[in-house]
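Okay, so here's the structure we're looking at.
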Amino acid sequence: MVAFGKKLKERSIEEWQEYYINYKLMKKKVKQYGRQIEVGSLDRRHVLKDFSRMLDHQIEKISLFMLEQQGLLSSRLQKLRECHDALQDEPDISQISNLREAYRSVGQDLLQLLVFIDTNAIGIRKILKKFDKRFGYRFTNYYVKTRADHPYSQLQQVFKHVGLGAVVGAISRNLHELQNNQGSFLSIYDQPVIPLQDPVVDSIKNAVDRLTRSTNFLNFMAQHALIMQDEDLMILHEDQADQEEGRYHFMSLLLNLANTFLYMVNTYIIVPTADDYSMSLGAAATVCGVVIGAMAVAQLFSSVYFSAWSNKSYFQPLIFSSIVLFVGNLVYALAYDFNSLALLLIGRLFCGFGSARAVNRRYISDCVPLKIRMQASAGFVSASALGMACGPALAGLLQTNFKIYSLTFNQDTLPGWVMAVAWLMYLVWLAISFVEPARDPEEDPTSQESNSAGQDENMEKGLTEQLLLAQEETEHDDEDDCDGSEESAEDSRKPANSFVAAYKLLTPSVKVQLLIYFMLKYAMEILLSESSVVTTYYFGWSMSSVSIFLFCLGLTVLPVNLVVGSYISNMFEDRQILLGSEIMVCVGILLSFHVVIPYSVPQYVISGFIMFVSAEVLEGVNLSLLSRVMSSRLSRGTYNGGLLSTEAGTIARVIADATITVAGFLGQSMLLNVTLLPSLTICVASIVATCYTFNSLY
C-alpha cells in the first residue's frame, strides 16, 4: 500500500502544487514533537498550540485558493450566461453545441477542484488522526468543533465545500436547457423529474457525493444522547455504509425508541401521586422520595449488566427488560390492595432493574448507519423528552376510583396497571418484529483492505477515476504511522474492563464535567420529586395541577435544545454556554428558597422553570463536551462513557430522593429549604471547578 504522502505527490495537479496541504512537513512536525516531549524540551500545551497554528495556516492557504478558483469559475459562467442569453433571441444549432462544450469544459475544471478539495480534506483528517494516535489525545474532536462552529470558519470551506453548490447548479441548469431541446430552453426547476444525462454532470454529482461522504465526520450527532462513538471507526469505515445498512432494521430501531419512551413514562408517571400512595399505606408523604428513588437505585446495577449484555445481544436484554418492567408495575399496583409499603418499593425496584437505556444507546451507536445516526440519536433524545412530559400528563388523566373483584383501580394504582398493560403489548410487538443484527466476526485488516480496493476499481469510470484516491485513503490506515509503536498503540485502544480502569482514564476536565452532570441531575430530581409535596403544602394544589406543572416542564426540553443547537451554539462557545447555564441553575435554586416573604405560586413556578430549563441547556452542552474529550477507550466495551455518565446521573437521583425522605423528618415546613441547600452547595462547587478548569486549559 502506497503511503498517503506519496499518493498526494503523484495525484496532485502540478500548477496547484503549492496550495495543497504540506502533509510531509506536518508529519515531520508530529515526529519532532514526539522526540521533544520524550526529552522534556516541550510540554503538552506548547505542542497543542503550535500544531493548531500550523494546521490553521495550512487550511487558510487551501480555503483562500478554493475561493480564488471558485471566483474564476464563476466569471467564466457569467460570460457563458451572456452568450446563452444572446442565443435566446437568435437560436443557432452550432452555437448551442459550442456553448454546451464550453459548459462541459467548466464542469471538468470544477471536477478538478473537487478532487483538490477531497485530497486536502483527507490530508487534514489523516494528519489529525496521526497526531491523536501518536500522543494519545482526542485533539481532532476539539479542533474540528472549535473551527467548524466558528462564524468565520475556514475549515467549513474545505469540509463543507461552501459555495460550490451554486457553481454545480449553474452548470447543471444550463446544460439541461441546452440538451436536446434547442429553442424550448426548459429548466431543471420546471421539470425536476427529468434526469440530466450528461457525463460531466454525472461525474460532478458523484464527486460531490464522494466528498460529502469523505467529510461526514464533521456532523457531530445528537451529543445530548451521549451515544459514544469510536473515532477511529468513524474515520476508517465511513465508506462501509452498505455493510452497516445490512445490519440496520428500521422496526428494530423503532422498538428501541419505544422502549426509551415507555421507560421515561414509567419513571415519571408516579411522581404526582407517589406522596398520596405513600400516605395511603401509612407512611409519611416525604417517603415518596424513597418510592421514586427506588427505581434509580436498581438502575445503578441494571445499567452495568445491560451494558455488558449488549456486547452479545440486543434482543435478549430487551425481552428481559420488558418482562421485568411488566412484573414491577404489576407489583406496584397490587401493593395498595395488600396494604404493603414493602411491595410498593419492590415493584419500583423491579422497574429499575428493567432499565435498558444502555441497550438503546448501544443499538444506535452500533447498528444504525452513519448517515442517519444523527436522526436516530435525536430520536432517542426526543423519545426521552416526550416520555418525561407524557408521564405526569397521563397520571393527571387517571383520576378515577373503582374495583373489579378485589382489585382497586384509582389514581394511585392505575399508573401501575396502565404501564403493566403497555409493557405487555410492547413485549408482544418486540417478539414479533425485532430482528437481531448480525455480529461481525473479527476481520483480517489485510483482506478487508484488498476487498475494499477491489470494490473501488469498479466504482467509477472515465472522469471520476482519479477520485479513487479519496476512497483508498478513507479505507486504509497509515502504514507510515507505524514507527515501532504498534504494541503501545494497540494497548491504547483497549477498552476499560472495570469502573476503576475507566476512572483512571478520566482527565481532570472530564471529572469536572461529570460533577456538573451530577449536579444538574440532583437539582432536577429535587425539583421534580418533591413537587407534589411542596405544592400541596404551600399552595394546596391538586394532583391534576401538579401533573400539568410537570407536563409543562417536560414540554420545554425539545424547544430548548432546538434553540440551543440552532442558534445559541453558533453565537457562543460551548464552555461559555456551560458556565452561563451553571450560573442560571444557581439563580433558579436561589429564587426557589422560602426566606421571608410569603411563598407564592409565581415564585415557585418561575424559579422552577429557570432551574429546569437552564439544567436542560447545561445537560446538552455538558454531554456534548463530554463525548468529545473522553478517552477513545471509553467509546467501546462495557464500561464506556455512556455508562459512566448514566451512573453519575443515577447516583445523583438516588441521593436526591434520599435527601427528600431524610429532610421529611424535620417537617414539611423545612423540606423545601433543606433539600435546596445541598443543590446550591453542589452548584457553587461545580461553578468554581469549571472556572478553575477552563482557566488552566485556556
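Between L506 and L644 the shortest side-chain heavy-atom distance falls below 4.5 Å. Looking at L77 and V106, their side chains come closer than 4.5 Å, going by heavy atoms from C-beta outward. Considering only heavy atoms from C-beta on, M54 comes within 4.5 Å of L25 through its side chain. A 4.5 Å side-chain heavy-atom check between Q112 and W16 finds at least one atom pair inside the cut-off. Y363 has its side chain within reach of S252: a pair of non-hydrogen atoms, C-beta onward, lies under 4.5 Å apart.
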### Query
Which is it for Y20 and I62 under the side-chain contact (heavy atoms from CB on, under 4.5 Å) test, yes or no, and what are the steps along the way?
CA-CA 6 Å; Y20 283 88; I62 297 166; over 6 Å; no
### Task
Let me see the working for R361 and T646 under side-chain contact (heavy atoms from CB on, under 4.5 Å), right down to the final yes or no.
CA-CA 11 Å; R361 283 193 178 104; T646 299; 2.9 Å; yes
### Message
Assess the residue pair R53 and D56 against the criterion (salt bridge (Lys or Arg N to Asp or Glu O under 4.0 Å)); give the C-alpha distance rounded to whole Å, side-chain angles, the decisive distance to 0.1 Å, and a yes or no.
### Response
CA-CA 5 Å; R53 182 189 59 78; D56 286 341; over 6 Å; no
### Task
Please assess L55 against L128 for the test side-chain contact (heavy atoms from CB on, under 4.5 Å), listing each intermediate value before the final yes or no.
CA-CA 9 Å; L55 194 53; L128 282 168; 3.6 Å; yes
### Task
Show your reasoning for whether side-chain contact (heavy atoms from CB on, under 4.5 Å) applies to Y503 and L514.
CA-CA 11 Å; Y503 183 80; L514 287 176; over 6 Å; no
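With sequence neighbours left out, the ring-ring contact (aromatic ring centres under 6.0 Å, His included) criterion links Y19 to F65. By the side-chain hydrogen bond (donor to acceptor under 3.5 Å, both in side chains) test, R35 pairs with no residue at all, sequence neighbours left out.
Atoms CD1 and NZ, from I21 and K61 in turn, are 7.5 Å apart once rounded to the nearest 0.5 Å. Distance check: E68 CD to L113 CG gives 10.5 Å after rounding to the nearest 0.5 Å. Between the NZ atom of K24 and the CD1 atom of I127 there is a distance of 13.5 Å, given to the nearest 0.5 Å. Taking NZ of K126 as the start and NZ of K130 as the end, the distance is 8.0 Å to the nearest 0.5 Å. Taking CD of Q36 as the reference point, atom CG of D50 lies at 8.5 Å (rounded to 0.5 Å). Rounded to the nearest 0.5 Å, atoms OG (S105) and CG (L110) are 11.5 Å apart.
Considering all non-hydrogen atoms of both residues, L257 and A383 come closest at O-CB, 3.7 Å. Of all the heavy atoms in P437 and C367, the pair that sits closest is CG-SG, 3.5 Å. Nearest heavy atoms, Y517 versus A648: CD2-CB, 4.3 Å.
Between S384 and R357, the side chains place a donor N or O and an acceptor N or O closer than 3.5 Å (distance only, hydrogens not considered).
Judged by distance alone, with hydrogens and angles left aside, the side-chain atoms of E436 form a donor-acceptor pair with the main-chain N or O of Y314 at under 3.5 Å. For T690 (side chain) and L579 (main-chain N/O), no donor-acceptor pair under 3.5 Å exists by modelled atom type. Judged purely by atom type and a 3.5 angstrom limit, D118 has no side-chain atom pairing as donor or acceptor with the backbone of L114. Remark: the backbone N or O of N22 is paired with a side-chain donor or acceptor of Q58 at under 3.5 angstrom.
Atom NZ of K49 sits in a sparse spot, with 12 or fewer heavy atoms from other residues, nucleotides or ligands closer than 6.0 Å.
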